[in-house]
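The block underneath contains the structure these notes are about, expressed in structure tokens.
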Amino acid sequence: MKFTNEKLERNAPCWCGSGRKYKQCHMNFDERISRFELQGFRVPKRSLIKTKAQIEGIRESAKVNIAVLDAVADKICIGMSTEDIDRIVYEVTTGYGAIPAPLNYEGFPKSVCTSVNHEVCHGIPSEKVILKDGDIINVDCSTILNGYFSDSSRMFCMGNVSPEKKRLVDVTKECVEIGIQNVIPWHPLGDMGSKVHEHAVKNGYTVVREIGGHGCGVEFHEDPFVSHVSQPGTEMLMVPGMCFTIEPMVNMGTDEIYQDSENGWTIYTEDGKPSAQWEVQVLVTETGCEVITW
Ligand code: MF3
Ligand code: CO
């Protein structure tokens, strides 16, 4: 397969591996991308457009990813440690013949990220962190199956969560739903991100700027960076076949964050107020998107 953007001859086999002639396969598609590029849009490289075979592989990986989060949803309870959640994720993922993507990723020591209350993301599971009544926790699960990556996260409310925290969790989920509705092919990603941001701000919240979604599927983190605070009309064009995550981190107070200086991973809100995040992975289609993990 040819994934460089070299120009193909009309009768050459298409770069997508379909076996069809280029002119009968992706030629019009490539020309459409070129026209947008001439208009000044950032456009995806060919390698970001998933082929049929890659999409199948990513969907299979996603099935495991969803099953792992379902297993966590089934078992999570007050009194459990985040290390217990890590164990569930490891056991269920490997039980399906898959690999937890975070494990040893750039030195990350565990199989999943567990971020409680004012932890924004990349919380490291620990025997010492025990879930208490009133906690909100994000469980962020990423899976590799046969070399294909999937990535999604959910929030869990433990027992009697305050109405303020519950509303943060619910509005953050709405932000993702709005993001999904605004994945419109041949429109720029900034249109989607700005809608997510708008909904959070309308509800009195802020959105983390430095960390966002990402292309995902053939690698864990691919282009583009998916901002959830972007301006309409900016950022890379959303083209059918692209696969990326939507994963806004929504804060009750300031959008400012800092990183744990001891473990080098965990991100916290600067003001100590709670943060919530939901994450889905989507595939851009001709009409909108397919949600492949949640
Ligand atoms: N879903 C998270 C992300 O895309 C997973 C991070 S795993 C870690 O950033 F190992 F980097 F923490
Ligand atoms: Co992610």
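The figures here come from the full heavy-atom set of this structure, side chains too, leaving out hydrogens, waters and symmetry mates. Predicted model, so just to flag it, every value in this text is computed and none were measured. Order of listing sets the numbers, starting from 1, for every ligand and every atom in it. Along the sequence shown, residues carry numbers from 1.
Heavy-atom contacts from other residues, nucleotides or ligands closer than 6.0 Å to NZ of Lys52 number 12 or fewer.
In the model, Asp191 has no side-chain atom that pairs as donor or acceptor with a side-chain atom of Asn182 under 3.5 Å. No donor-acceptor contact under 3.5 angstrom links the side chains of Ser115 and Asn138, judged on distance only.
The distance from ligand 1 to the heavy atoms of Pro102 drops below 4.0 Å at these ligand atoms: 7 (S), 10 (F). Of all atoms in ligand 1, numbered sequentially from 1 with element shown, those under 4.0 Å from a heavy atom of Asp151 are 1 (N), 4 (O). Of all the atoms in ligand 1, the ones that sit under 4.0 Å from a non-hydrogen atom of His122 are 6 (C), 9 (O), 12 (F). Taking a cut-off of under 4.0 Å to the non-hydrogen atoms of His221, the atoms of ligand 1 that pass are 3 (C), 4 (O), 9 (O). Close approach of ligand 1 to Phe220 (heavy-atom distance below 4.0 Å) involves ligand atoms 5 (C), 7 (S). Those atoms of ligand 1 with a heavy atom of His214 less than 4.0 angstrom away are 4 (O). The atoms of ligand 1 that sit less than 4.0 Å from any heavy atom of Phe108 are 10 (F), 12 (F).
Look at Glu247 and the Co ion (ligand 2): an N/O/S atom of the residue is under 2.8 Å from the metal. The Co ion (ligand 2) has no N, O or S atom of His221 under 2.8 Å away, backbone or side chain.
Electrostatic pairing of Lys63 and Glu60 counts as a salt bridge here, judged by a charged N lying under 4.0 Å from a carboxylate O. Under the 4.0 Å criterion applied to side-chain N and carboxylate O atoms, Lys202 and Glu174 are not assigned as salt-bridge partners. Between Asp30 and Lys7 there is no salt bridge, since none of the side-chain N atoms of the basic residue sits less than 4.0 Å from a carboxylate O of the acidic one. We find that Arg87 and Asp84 are joined by a salt bridge, their nearest charged nitrogen and carboxylate oxygen being less than 4.0 Å apart.
Taking both residues in full, the closest heavy atoms of Thr245 and Glu247 are given as OG1-OE2, 2.8 Å, listed atom of the first, atom of the second, then distance.
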Kindly indicate, with the supporting measurements, whether the criterion ring-ring contact (aromatic ring centres under 6.0 Å, His included) is fulfilled by Tyr105 and His221.
CA-CA 11 Å; Tyr105 172 78; His221 297 111; 5.3 Å; yes
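Of the N or O atoms in Trp265, none lie within a sub-3.5 Å distance of an N or O in ligand 1. Not one N or O of Tyr105 is nearer than 3.5 Å to an N or O of ligand 1, by distance alone.
Residue Glu279 touches ligand 1 through its side chain alone, judged by heavy-atom distances below 4.0 Å. Residue contacts with ligand 1, taken as heavy atom pairs separated by less than 4.0 Å, involve Cys113 solely via side-chain atoms from C-beta onward.
Taking the six-membered ring for Trp and thresholds of 30 and 60 degrees, Phe36 and Phe41 have ring planes more than 60 degrees apart, a perpendicular arrangement.
Rounded to 10 degrees, the NE2-metal-OE2 angle spanning His214 and Glu279 at the Co ion (ligand 2) equals 120°.
Residue contact check for ligand 1: Glu106 places no non-hydrogen atom closer than 4.0 Å to it.
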